Amino acid sequence: MDDQTAEHFDAVVVGAGFSGLYMLHRLRALGLRTLVLEAADDVGGTWWWNRYPGARCDIESFDYSYSFDPELEQDWSWSERYATQPEILAYVDHVADRFDLRRDISFRTRLTTATWRSEVDRWSLTTDTARSIDTRFLIMAVGCLSRANRPELDGLDEFRGRILHTGEWPHEGVDVSGLRVGVIGTGSSGIQSIPLLAEQAASLTVFQRTPAFTLPAMNAPLDTATIEAFKARYREHREAVKHSHGGVLTSPSEESVFAVEEAERERRFEAAWRSGTLFGLLSSFSDLMIDPAANEIAAQFVRDRIAEIVHDPATAEALSPRTFPIGTKRLCLDTGYYATFNRPNVSLVDLRRDPIERVTTTGIRTSAREIELDLLVFATGFDAMTGALLAPTITGRDGRTLRDAWAAGPRTYLGIATAGFPNLFTITGPGSPSVLTNMLVSIEQHVDWTADCIGELERTGATRIEATVEAQDGWVDHVNEVAGFTLYPTGNSWYLGANIEGKPRVFMPYIAGVEIFRAICDEVAAGGYRGFDISGTAGVEVG
Ligand code: FAD
Ligand code: N01
């Protein structure tokens with residue numbers, strides 16, 4: 001790299017979603033010359049890309065928002081319990097304006113390579129717009145669910161209709177009225193979009209490989225009195241959330257499901273079902289995510305609800321998950337999902353019985369039938385947690401790429417640092433609680449920790465920080481060990497990389513929760529960044 005032509009920064013943040021925006025805000029406050037690179041045209045990350053009908057959060061809006069600025073949370077009012085994508089994007093836009101963030105963001109700019117230069121303790125970056133950038137710190141805020149997974153289906157290129165992915169939905173919207181629509185995938189994106197697509201489309205065919213467990217969102221508008229009451233105790237609430245398990249307040253039971261009578265079980269499950277929350281059902285008893293027999297009782301409760309809602313018994317059965325413990329693949333929250341299958345214009349293809357043979361010029365041919373389609377929607381999810389981190393070529397110390405270092409699965413210390421990759425921080429990286437929690441809480445925790453760490457390096461004149469191999473090995477073992485106490489690794493989930501062919505199967509998120517993780521991170525910092533090697537420009541140890 002020619003240093004003469006490179007632009008120089010103290011820190012480069014990649015991604016302008018919730019993580020990257022807050023990171024920029026914090027680094028600016030430290031006085032660092034910071035640049036954000038963002039592939040999209042504007043801020044928002046997830047909420048910029050995922051514009052499919054029905055997209056909304058499944059963590060309540062009050063909680064799915066930044067907590068770092070008390071005035072921001074008082075000034076903004078959510079209109080619904082679970083905000084829609086346009087409202088969340090409007091919120092991000094408001095934050096970007098309020099803190100004047102866009103002036104340091106380079107949109108339509110994708111990081112393509114990052115190369116560590118040990119001789120100067122700096123990263124050299126290149127982008128798809130041919131920019132050369134030199135920076136001390138590189139912060140990857142690229143998102144856990146930002147790299148679309150498009151399965152390769154035979155004949156896809158020949159299809160004459162339109163093909164869309166929920167995670168790359170056209171900004172001008174899509175009018176599906178009168179169209180014959182096919183949706184492949186029944187995870188959260190499919191489950192949110194299917195009811196709305198069904199209302200408009202002439203016909204909707206759902207291609208389901210694995211049925212998901214979904215619970216009713218019980219979404220509702222928020223009235224002024226509720227908003228005011230919440231705002232009056234917002235600070236207190238945020239503090240409690242920071243020290244919660246999942247980044248939301250729940251009241252987990254300490255009782256086994258086997259300790260109570262059947263009527264009491266049903267009463268608790270029913271109350272959880274009606275609560276319209278993601279975490280309620282599985283916190284109804286202490287052993288649901290630990291004991292397969294206990295888990296099965298909760299799973300059967302949901303299957304019974306499906307059988308009640310869906311009129312056709314064969315369709316109800318096909319929609320009933322039986323191949324993994326409930327909760328081991330991310331639960332979904334829906335509005336009218338199961339009832340959608342009672343509509344005359346909706347049909348379900350159970351791909352386990354009737355697999356796709358190929359896409360044709362006019363639709364999809366399965367082993368049993370030919371389905372004509374005008375629009376094919378991939379609701380097939382993401383190369384989660386590592387996809388966006390491994391897309392650019394990141395070359396660390398000794399010329400080793402991150403792709404090589406993670407060939408057998410990601411290895412990090414605290415999800416935030418990787419041995420061999422100095423001054424590289426991965427916000428909500430694999431090995432942190434991230435996707436098992438309210439992401440906003442985990443994002444703020446990781447960003448705050450990173451900003452404090454960089455602030456400390458700047459204060460002491462250190463120019464290099466790197467996780468040690470020992471600390472990293474210990475952390476990876478710990479992450480696996482705690483996951484192994486639960487049923488989580490038994491589901492074929494994207495948490496494990498199981499949705500991507502050839503991806504190593506490693507349980508990626510840290511299961512012990514926000515509170516424990518925060519305490520560990522704080523302890524590491526208080527102990528002088530235990531598990532990290534820190535040095536000055538000349539490689540001198542900095543105390
Ligand atoms: P993202 O929002 O994914 O932003 C990353 C950004 O990095 C993107 O804009 C991307 O374009 C950019 N980028 C990536 N690679 C590069 C590169 N090489 N160069 C330049 N730019 C790059 N979580 C919850 O806790 N609650 C919810 O209710 C919830 N709902 C969700 C709904 C949907 C539809 C999806 C897909 C996810 C949802 N999530 C939810 C998870 C969600 O991803 C996080 O809550 C959060 O928005 C992530 O923010 P982020 O900034 O870390 O990443
Ligand atoms: O993706 P997914 P998603 N042939 O991976 C199927 C967050 N989110 O976009 O299970 C046929 O969950 C796949 O089948 P299987 C949330 O964290 C939140 O829906 O692999 N089918 C599955 O049914 C979520 O967990 C919200 O057998 C194929 C589906 O596609 C995460 O993002 C909304 C296939 C993919 O489901 C990802 O959700 C949206 C193939 N070749 C997203 N390949 C909220 O509600 C894949 N599938 C807040």
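Reckoned from all heavy atoms, side chains included, excluding hydrogens, waters and symmetry mates. All values reported here derive from a predicted model rather than from experimental measurement. Just so you know, ligand 1 is whichever comes first in the structure, and atom 1 is the first atom listed for that ligand.
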Worksheet item: Can you tell which of Thr46, Val43, Thr113 gets a heavy atom nearest to atom 33 (C) of ligand 1?
Response: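 Of the listed residues, Thr46 has the closest heavy atom.
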Worksheet entry | Option set Phe18, Tyr22, Tyr64, criterion heavy-atom distance to atom 45 (O) of ligand 1, minimum |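 The option holding the nearest heavy atom is Tyr64.
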Give the table of side-chain donor-acceptor pairs shorter than 3.5 Å for residues 316-326, with sequence neighbours excluded, one pair per line with atom names and distance.
residue: Glu317; atom: OE1; partner: Arg322; partner atom: NH2; Å: 3.0
residue: Glu317; atom: OE2; partner: Arg322; partner atom: NE; Å: 2.7
residue: Ser320; atom: OG; partner: Ala316; partner atom: O; Å: 2.7

Worksheet item: Given that the side chain starts at C-beta and the backbone is N, CA, C, O, which of these parts of Gln208 lies under 4.0 Å from ligand 2, counting heavy atoms, or is it both or neither?
Response: neither
Worksheet item: Applying a strict 4.0 Å limit to heavy atoms, is Leu21 in contact with ligand 1?
Response: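 Contact check Leu21 vs ligand 1: negative.
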Worksheet item: At the 4.0 Å heavy-atom cut-off, does Ile427 count as touching ligand 1?
Response: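 Contact absent.
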Worksheet item: Are Tyr64 and Asp58 close enough that a side-chain donor and a side-chain acceptor fall under 3.5 Å?
Response: no
Worksheet item: Does a side chain donor of either Asn219 or Glu80 reach within less than 3.5 Å of an acceptor in the other side chain?
Response: yes
Item to complete: Please write down residue, atom name and distance for the protein heavy atom closest to atom 6 (C) of ligand 2.
Response: Gly185 CA, 3.7 Å
Response to the item:
When distances are taken from atom 27 (O) of ligand 2, the protein heavy atom at minimum range is Thr210 OG1, 2.5 Å
Fill in: ligand 1 versus Ser188: contacting region, heavy-atom distance under 4.0 Å
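Neither; nothing of Ser188 gets under 4.0 Å from ligand 1.
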Discussion item. Can you name the atoms of ligand 2, numbered from 1 with element, that are less than 4.0 Å from a heavy atom of Gly381?
Written reply: 1 (O), 3 (P), 5 (O), 9 (O), 35 (C)
